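Below is one structure, written out as structure tokens; the observations come after it.
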Number of protein chains: 2
Amino acid sequence: MPGVFLKDALVTLKESGVRITPQRHAILEYLITSHSHPTADEIYKALEEDFPNMSVATVYNNLRVFQNSGLVKELTYGDASSRFDFVTHDHYHIICDDCGKIVDFHHPGLEEVERLAAHVTGFQVNSHRLEVYGTCPDCAATQQNQAK
Amino acid sequence: MPGVFLKDALVTLKESGVRITPQRHAILEYLITSHSHPTADEIYKALEEDFPNMSVATVYNNLRVFQNSGLVKELTYGDASSRFDFVTHDHYHIICDDCGKIVDFHHPGLEEVERLAAHVTGFQVNSHRLEVYGTCPDCAATQQNQAK
DNA sequence: AAACTAATTATAATGATTATAAAGAAGTAA
DNA sequence: TTACTTCTTTATAATCATTATAATTAGTTT
């Protein structure tokens with residue numbers, strides 16, 4: 001069932017009064033089917049063939065629209081540009097310090113941490129963000145070989 | 001014991017062969033004593049009085065130097081500029097969705113999450129990043145009043 | 001002091017993101 | 001259909017954080 005996410009997403013959008021333009025359709029589809037965490041520019045380049053006249057602003061605008069509808073999350077890191085992630089189930093990311101590859105992993109939510117934080121700081125907690133950093137198997141292997 | 005962190009930090013720097021210039025001293029001191037999580041520009045502005053000729057590049061350069069020595073951590077969020085945090089003990093941050101205030105809280109490390117991530121993904125795990133988001137007491141109070 | 005290295009300054013460049021204004025497409029009501 | 005309104009896209013310029021460069025200054029070593 002590959003198209004389920006896309007169909008659901010389109011319904012969600014339509015219900016909140018957002019028009020489904022060809023560009024929006026394409027951006028969403030790319031986010032879902034690429035199974036990656038692309039930057040705005042990567043999306044722009046990937047759709048260049050089908051939409052030669054599309055503007056970068058359109059990509060940014062629509063990514064924002066999708067975020068407002070809760071379909072997409074923005075992942076921000078230091079230097080580089082933001083990456084965008086289609087939200088399915090709750091999952092976390094592990095990121096390679098060497099090559100930057102991002103891999104999903106699932107883990108029960110950290111409600112206990114949220115509770116403690118709320119208690120200690122007096123905040124009303126809404127959400128949290130967790131990322132794990134390390135070296136991916138590929139890069140680990142490369143380093144092994146170079147050490148020889 | 002207010003100056004302990006600063007003295008320790010200076011020793012750490014000297015030991016790794018980093019010169020202690022007046023600018024570096026001032027940036028570090030501000031990071032420690034301001035008890036905030038300033039942006040590079042905030043640091044620049046705060047030191048303008050004492051160092052009228054200091055360049056923004058100097059702030060960025062030295063923040064990088066401090067990061068390389070493990071004294072400072074960069075916190076990155078979506079739109080805005082990076083914030084810089086003097087590293088003392090391990091702690092996490094809770095951030096107000098409304099006003100952006102950042103408050104520290106302590107929590108045992110999430111080694112168990114790291115272990116699971118390593119197991120599932122095959123990564124060698126180095127570190128992780130956790131942030132909690134919510135509404136700070138001040139903003140919550142303001143919202144209460146506005147609702148009246 | 002001379003020679004060398006590191007740090008700072010001033011300024012320009014980069015690059016991601018956003019703002020703006022004009023043109024186009026879709027939706028609604030007559 | 002026509003006119004009218006609203007939303008969307010496009011093209012382009014602007015913004016803003018950060019980095020690169022080159023020249024100058026300061027510190028260190030001989």
Side-chain angles (χ1 to χ4, degrees), chain A residues 9-10 12-30 37-69 71-85 100, chain B residues 9-10 13-31 37-69 71-85 100:
Chain A
L10 294 176
T12 301
L13 286 177
K14 205 168 276 174
E15 278 173 355
S16 56
V18 174
R19 283 189 202 155
I20 312 298
T21 66
Q23 292 89 335
R24 284 180 179 161
H25 191 117
I27 294 172
L28 259 187
E29 189 172 27
Y30 181 74
H37 306 79
T39 63
D41 197 59
E42 281 166 9
I43 299 172
Y44 175 64
K45 293 237 167 65
L47 303 182
E48 209 165 31
E49 206 175 328
D50 292 342
F51 297 85
N53 293 325
M54 187 168 63
S55 164
V56 215
T58 299
V59 177
Y60 280 103
N61 287 342
N62 290 329
L63 286 171
R64 175 122 28 122
V65 169
F66 299 153
Q67 284 182 73
N68 292 340
S69 306
L71 292 173
V72 165
K73 247 197 271 186
E74 182 179 4
L75 315 172
T76 68
Y77 309 105
D79 340 3
S81 26
S82 289
R83 301 189 156 271
F84 295 88
D85 186 28
Chain B
L10 294 175
L13 286 176
K14 206 168 272 171
E15 278 173 354
S16 55
V18 174
R19 283 187 200 157
I20 313 298
T21 66
Q23 292 90 336
R24 284 181 180 164
H25 190 116
I27 294 172
L28 258 189
E29 189 172 26
Y30 181 75
L31 271 171
H37 306 79
T39 63
D41 197 59
E42 282 166 8
I43 299 172
Y44 175 65
K45 294 237 168 65
L47 302 182
E48 209 166 31
E49 207 175 328
D50 291 342
F51 297 84
N53 294 324
M54 186 168 65
S55 164
V56 215
T58 299
V59 177
Y60 280 102
N61 286 341
N62 289 330
L63 285 172
R64 175 122 29 122
V65 169
F66 299 152
Q67 284 183 73
N68 292 340
S69 305
L71 292 174
V72 166
K73 247 197 273 187
E74 183 179 4
L75 314 172
T76 68
Y77 309 104
D79 339 2
S81 26
S82 291
R83 302 189 155 272
F84 296 87
D85 185 28

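Below, chain A is the first sequence line, B the second, and so on; all start at residue 1. Not measured: the values here are computed from a predicted model.
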Between P of dA26(C) and CZ of Arg24(A), the distance in whole Å: 13 Å
Side-chain heavy-atom pair Thr58(A), Phe51(A) within 4.5 angstrom cut-off: no
Nearest-angstrom distance from the residue atom CZ of Phe51(B) to P of dA7(C): 16 Å
Phosphate-side-chain proximity, Thr21(A) and dA26(C), N/O vs OP1/OP2 below 4.0 Å: no
Among dT17(C), dT10(D), dA10(C), the nucleotide that comes nearest once only the side chain of Ala40(A) is considered: dT17(C)
Results of side chain to side chain donor-acceptor pair (under 3.5 Å) for Asp50(A) - residues two or more places apart only: none
For atom CZ of Phe84(A) and atom C1' of dA16(C), their distance in whole Å: 10 Å
Interatomic distance where CD1 belongs to Ile20(A) and P belongs to dT8(D) [whole Å]: 10 Å
Euclidean distance, atom CD of residue Gln67(A) to atom P of dT17(C) [Å, nearest integer]: 11 Å
Side chains of Leu47(A) and Met54(A) in contact at under 4.5 Å (non-hydrogen atoms): yes
For atom CG of Asn62(B) and atom P of dA26(D), their distance in whole Å: 16 Å
Test log, rule side-chain contact (heavy atoms from CB on, under 4.5 Å), inputs Phe66(A) and Val18(A): CA-CA 9 Å; Phe66(A) 299 153; Val18(A) 174; 5.8 Å; no
Side chains of Glu74(A) and Ser82(A), donor plus acceptor under 3.5 Å: yes
Among dT9(D), dT9(C), dA11(D), the one nearest Thr58(A) by side-chain distance: dT9(D)
Rounded distance (Å) that lies between atom P of dA6(C) and atom CG of Asn68(B): 15 Å
N/O (side chain, Tyr60(B)) to phosphate O (OP1/OP2, dT18(D)) under 4.0 Å: yes
Atom pair distance, as rounded to whole Å: CE in Met54(B) and P in dT11(C): 16 Å
5' priority, DNA chain D, between Gly17(A) and Pro52(A) [closest heavy atom]: Gly17(A)
dA11(D) phosphate, OP1 or OP2, under 4.0 Å from Ser55(A) side-chain N/O: no
Distance below 4.0 Å between Arg19(B) side-chain N/O and dT8(C) OP1 or OP2: no
Touch class at under 4.0 angstrom, heavy-atom based, for Asp41(B) against every strand present: nothing
First encountered from the 5' end of DNA chain D, between Arg83(B) and Pro22(B): Arg83(B)
5'-most by nearest nucleotide on DNA chain C - Thr39(A) or Asn61(A): Thr39(A)
